[in-house]
> 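Before I ask anything, here is the structure I am working with.
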Amino acid sequence: MKIAKVVVDVPASQTDKIFDYIIPEHLDSYIEVGMRVIVPFGPRTIMGYIIGMSDESNVKKLKPIKDLMDISPVLTPELIELGKWVADYTLSFYISAFQAMLPQALKATYHKSIERLADQFEDDQLNKLFDGRDEIDTQELLDVGFDMNRIKKAEDLGELKIVYHVGRKETYKKVSMIKRQMTEVEIDQYRAELSNRAKKRKEIVDYVAQLDEPITFKQLLNEMHTTRQTVQPLIQDGVVNIFEQEIYRNPNGNKQFEKTFPLPLADQQKQALTPIVDDLNRQRNNVYVLHGVTGSGKTEVYLQSIERAMQLGKEAIVLVPEISLTPQMVNRFKGRFGDEVAVMHSALSKGERFDEWRKVQNQEVKVVVGARSAIFAPFQNIGLIIIDEEHESSYKQEDHPRYHVKDVAIKRAETHMCPVILGSATPTLETYARAQKNVYQLLEMPDRMNQASMPEIHIADMREELHAGNRSMFSTMLVDKIRERIDRGEQVVLFLNRRGYSTFVMCRDCGEVKTCPHCAISLTYHQKHHLLKCHYCQHQEKMPSECPSCQSDSIRYFGTGTQKVEQAIEAVIPEAKVIRMDVDTTRRKGAHEKLLAQFQNKQANILLGTQMIAKGLDFPDVTLVGVLAADSLLNLPDFRSSERTFQLLTQVSGRAGRHELKGEVVIQTYSPEHYSIEYAKQYDYSGFFKKEMSLRKAFQYPPYFFMTLITVSHENPIRAEEVTRVITQLLEKHLSENSKLLGPTPSPLEKIKDRYRFQCMIKYKYEPEQKQVLKRILSYYEPMIQKEGLQIQIDLQPYQLM
DNA sequence: AGCACGCCGACT
DNA sequence: GTCGGCGTGCTC
C-alpha cells in the first residue's frame, strides 16, 4: 500500500510531527511529494504538505487523503529538507517553516458548514433558518447567535451533518483572447457572403484573416476602434474563437526598462569578480564578503557574476533589504536581464507576489531579486546567491521561524555547491570577523568609482549650539550649508532617525511623559488628528490639554517627527522646497517611487526622510546630507547600538556626492566624542572594527560569544519573572560551566499589549546540548503555555534585543 | 489549534 | 434526574 507522509496545517507542539495517510488509487498517478493535500484530521478536514512517500507505516488505522490541492508540487525535495532544517535550527514547528517558504496566497482557508440530511427538522427554528437551503455556513449561525448545542442535537438525530471545507486563497488572473478559427479559404468565402453594408465587419474579418497568433480581445477592440458588439457575430459564426488565458499580474504597469550592457570594470571590481567566476566555473561553494565602500560599484560585480551564472545555465537569487524602497535597484536588474527577472517586493499585492513566485516555479525566470523570503525561491539549479547590504537587520525574521537569511543562504549554497556573496560597505562584526579568520573570503573594494572622493563629514556639536543660545533643531552650520546648496541649485538629503526621536508628550512642569497603558513606551503625537498613538499596539487617545498628573497646562509634545522638521525648515529657510518621505507619505502604492521621481526631476531641493532614505538612493545633484539626530540610535539598550550607528552614518554619508559634484555631510549630535561617530567621520571601518571588537571581547558579546535570548511574557509580572527565574536556574544546571547566564531581567520593552516581559540571556562559545535543553524546557512549560497564556520566545542569535 | 469526551455543580 | 461548565487528551 502506498503511504504519504504529511505535515499538517496545525501549528502546535503536539501536532508537530509527521502523519501517515493512505494514497487512494484514484490519486495515485497524480500525487507527488511537495504537493498540498486535503486530509481528514480528527473530526476536521485540513490542509497538509506531502513531504515524503513510503510503502509502509507503523500506524494501524490510516485514513486516506481526501484530495490534492496542486497539480504540481509547491515544494521541491530540496525545500522540504531545507524547511525541516529551518524548523530545527529555529526551534519552530515544521508547518511554520513550510508556510514561511511559500507565498501567502498558498495558505489554506477554512470554513465549516452544516448540511441538511432530512427534509424536516425536529427543531422548528432550524426549518426556518434553512428556509429550503441545503447548506448553511456556521458563520451565519454564529452571526444570528444560534445555539450550537441545538445543532449537535439535530446531528445526533441524523438530520444534518457538519462539513469542513478547505478553501484556497490563490487566484489566477485571466484575460480574453481572440484567435483565428477559420482557414484563409473559409474566411475569404465568409467575407464574400457578407452584406455590403457590413463595412466594419469586413474590416475586422480582414484584420483577423492575417492573425497567426492569438491576441487579446482588448487589443483587437483597440486596433479596430470598435466595441464588443461588432465582434460578437464573428465569434458566433466561428470566424474567430474567444478563450480565456491565464496571465501574470504585472506590478510594473507598462513600465519599460532601458536595456543596459555590462560596463567596463575597474581593477578592484575585476579582482573581486575573478574568484567568484572561478567558483562558478568549478561549482565551488565559498562565502565571499564583498566589502566595498558606498559607490564602489558592487552592483556591477553582482550583475556580471549573475551573467556568468546564467551563461552556465544556472539561476541566481539576489536579496536586498527592502526592495520596494530601492526602485533604482530593480531598474538595474530588470534593465540588464529583462524578463529573466522576477521581483518580490513587500509592496506587491498577494496576487502579484504569487505570480512572481510562479514564474520561478514554472522555470520562466533565471533571477530573483527580493527581500528576505526570496531566499526560498523554488529554483532547482542555483548558481549564485547574493545578499546585498548584508548588515541589514531586516534579514532576520522576527517571528516564527526566527531565521536569519544568511544562514539559509549558506545552507542552500552548500546544497547547490555555489558561491554566496555578502556585500556591504559596513559588514557586521560577525561577518567581517569570519572573513578575517578565512572562514569567508574577503574581497575589498576601497575606492569609489570615477575617482569620486568620499564626502567630507562635519560634526555639529548640539550642546555647544544650545549653550550659544540656538534652541532650534538645526545647527548654524547645517542651515548655512543648506542655504548654499539651494543658491547653487543643488540638492540636500536630510535624515532623521525616527526611532527614539519621535514626538513624545511631556509636562514641562512635572516632567510627566505620556506612555501607553498597555506597552509602557512613550506615546507618539500625531498632529493630523491631534491624537497620541502607541507604536506597538493599536492604542490611541486624545492629546490632553492639561497634565494628568499635576494639572498644569504646560503639557507639550517634544522630540521631532519628520512633519515637525518640515515645518521648521520652512520657517528657517522659506525658499526651500521639501519632499517628506516617511511612513505617512509613502503608504499608498507607488507613492514611494513617485516622490523619488519628483526629487530626481528637481521639483524640490530637500528630501527629508527616515530610515527608508538611508540606502540605495543615488541622485547626481545631492551634495549635502544632514543627519539631524545621530545619537538617537546610540542610546538604545542594545549591544549593537554602536555598530548600528556607525553603519547608519556611513550609509547615509554615501548618499552625497556620488557623481561629479563634491559632497559634504553634517552630523548633528550631543555626543561627538563617541567612537562610532568619530570613526564614521574618518570613514575608518577597520578602526571601528578593531575598537568595537575589543569591546565585544571585553563584554563577551558576539562574535566572541553566541547568544540566545529567552523572553517570557505573562499578564502577571510576578508570574513572568518567576518563570524566567526558574528557566534561568534550569539552564544554569544543564548548560556547561563556560556559558554565561544573564537574568532574569525585565525586557527593554517591559510591557507590550498588557503583557509583562522578562528575559534571560545565554552567552556561550560551545554548547552542543543547548537546543535539546531548550526543547525540554519548552515542553515542560507546554501545559502552562496552553492554559494560562504564558508565552516563551526563544531567539537564537537575536538581532533585536527588545 | 479545535474538537470530543468526561466529570462536576446548578437547575427544571 | 439533565444541562452546561471546563479540564484532559487526541488528531495518521
Side-chain angles (χ1 to χ4, degrees), chain A residues 1-25 27-28 31 33-69 80 84 87 91-100 104 106-115 122-123 125 137-139 141-142 145-158 160-167 169 399-401 715 778-793:
Chain A
M1 195 172 11
K2 285 194 86 180
I3 307 294
K5 306 272 171 192
V6 176
V7 170
V8 294
D9 182 16
V10 183
S13 58
Q14 288 166 313
T15 49
D16 187 34
K17 52 182 180 177
I18 295 158
F19 290 84
D20 293 355
Y21 285 90
I22 295 167
I23 300 173
E25 230 166 88
L27 298 178
D28 191 40
I31 200 161
V33 170
M35 286 179 172
R36 293 175 300 159
V37 285
I38 297 173
V39 290
F41 196 65
R44 299 183 282 162
T45 303
I46 57 172
M47 188 273 281
Y49 296 102
I50 307 185
I51 62 152
M53 294 204 210
S54 162
D55 292 326
E56 48 186 8
S57 169
N58 298 325
V59 184
K60 291 273 148 51
K61 276 194 289 176
L62 292 182
K63 291 183 182 176
I65 288 173
K66 281 216 163 129
D67 209 350
L68 305 179
M69 286 188 84
I80 292 173
K84 289 194 210 163
L91 297 172
S92 306
F93 307 133
Y94 287 145
I95 190 68
S96 314
F98 290 134
Q99 305 275 41
Q104 279 289 310
L106 289 175
K107 268 190 100 172
T109 59
Y110 298 102
H111 66 273
K112 217 170 43 167
S113 63
I114 49 175
E115 206 179 287
E122 196 107 306
D123 189 332
Q125 218 180 323
D137 203 295
T138 44
Q139 190 57 49
L141 298 178
L142 293 174
F146 197 85
D147 186 358
M148 283 309 280
N149 288 308
R150 293 163 74 176
I151 302 290
K152 271 272 139 58
K153 264 193 197 144
E155 192 190 10
D156 291 343
L157 289 169
L160 54 77
K161 67 171 178 185
I162 299 174
V163 255
Y164 297 86
H165 302 271
V166 179
K169 274 197 221 144
D399 47 58
H400 277 137
E715 291 172 333
L778 271 185
S779 63
Y780 170 73
Y781 278 104
E782 190 57 42
M784 292 160 247
I785 291 171
Q786 286 192 357
K787 262 173 255 138
E788 51 165 313
L790 179 73
Q791 275 179 23
I792 302 177
Q793 281 177 9

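Residue numbers begin at 1 in each chain, while the letters A, B, ... track the order of the sequences. Only a predicted model underlies this, so the values are computations on that prediction, with no experimental measurement involved.
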> Would you call the rings of His165(A) and His111(A) parallel, tilted or perpendicular if under 30° counts as parallel and over 60° as perpendicular?
parallel
> For Lys17(A) and dT11(C), what is the distance between atoms NZ and P respectively, to the nearest whole Å?
7 Å
> May I ask you to test the Ser113(A)-Tyr164(A) pair for a side-chain heavy-atom distance under 4.5 Å?
no
> Given dC12(C), is OP1 or OP2 found less than 4.0 Å from the side-chain N or O atoms of Lys63(A)?
yes
> Return the value, rounded to whole Å, for the distance between atom NZ of Lys66(A) and atom P of dC12(C).
10 Å
> So what does Tyr21(A) hit on the nucleic acid, given a heavy-atom distance under 4.0 Å: a base, only sugar-phosphate, or nothing?
sugar-phosphate
> Rounded to the nearest angstrom, tell me the gap between atom NE2 in His400(A) and atom C1' in dA1(B).
16 Å
> Specify the separation, in whole Å, of atom CE of Met47(A) and atom P of dG2(B).
14 Å
> Among Gln99(A), Arg36(A), Lys107(A), whose side chain to side chain donor-acceptor pair (under 3.5 Å) with Asp9(A) holds?
Gln99(A)
> Only one of Ile80(A), Val33(A), Val8(A), Ile95(A) forms a side chain to side chain contact (heavy atoms under 4.5 Å, CB included) with Tyr49(A), so which one is it?
Ile95(A)
> With a 4.5 Å cut-off on side-chain heavy atoms, are Tyr21(A) and Pro64(A) touching?
no
> Going by 5.5 Å between centroids and 30° between planes, is there a stack of Phe41(A) over dT11(C)?
yes
> Quickly work out the Ile95(A) CD1 to dG2(B) P distance and round it to whole Å.
13 Å
> Enumerate all atom pairs, one protein N or O and one N or O from nucleotides 3-7 of chain C, separated by less than 3.5 Å.
none

> Separation of Ile65(A) atom CD1 from dT11(C) atom P, in whole Å?
18 Å
> For Gln14(A), which contact category applies under a 4.0 Å heavy-atom criterion: base, sugar-phosphate, or nothing?
base
> May I ask you to decide whether Asp55(A) forms a salt bridge with Lys2(A), counting only side-chain N to carboxylate O separations under 4.0 Å?
no
> Write down the distance between CE (Met784(A)) and P (dT8(C)), rounded to a whole number of angstrom.
12 Å
> Whole Å only: how far is the CZ atom of Phe19(A) from the P atom of dA1(B)?
14 Å
> Mind listing the N/O atom pairs, protein and nucleotides 3-6 of chain B, below 3.5 Å?
from, atom 1, to, atom 2, distance (Å)
dA4(B), OP2, Lys152(A), NZ, 3.2

> Do the non-hydrogen side-chain atoms of Ile151(A) and Leu160(A) ever get within less than 4.5 Å of each other?
yes
> Quick one, Lys5(A) with Ser54(A), criterion side chain to side chain donor-acceptor pair (under 3.5 Å). Give me CA distance, side-chain angles, the key distance, then yes/no.
CA-CA 7 Å; Lys5(A) 306 272 171 192; Ser54(A) 162; 4.6 Å; no
> For Tyr110(A) and Ile46(A), which heavy atoms make the closest approach, and how far apart are they?
CE2-CA, 3.6 Å
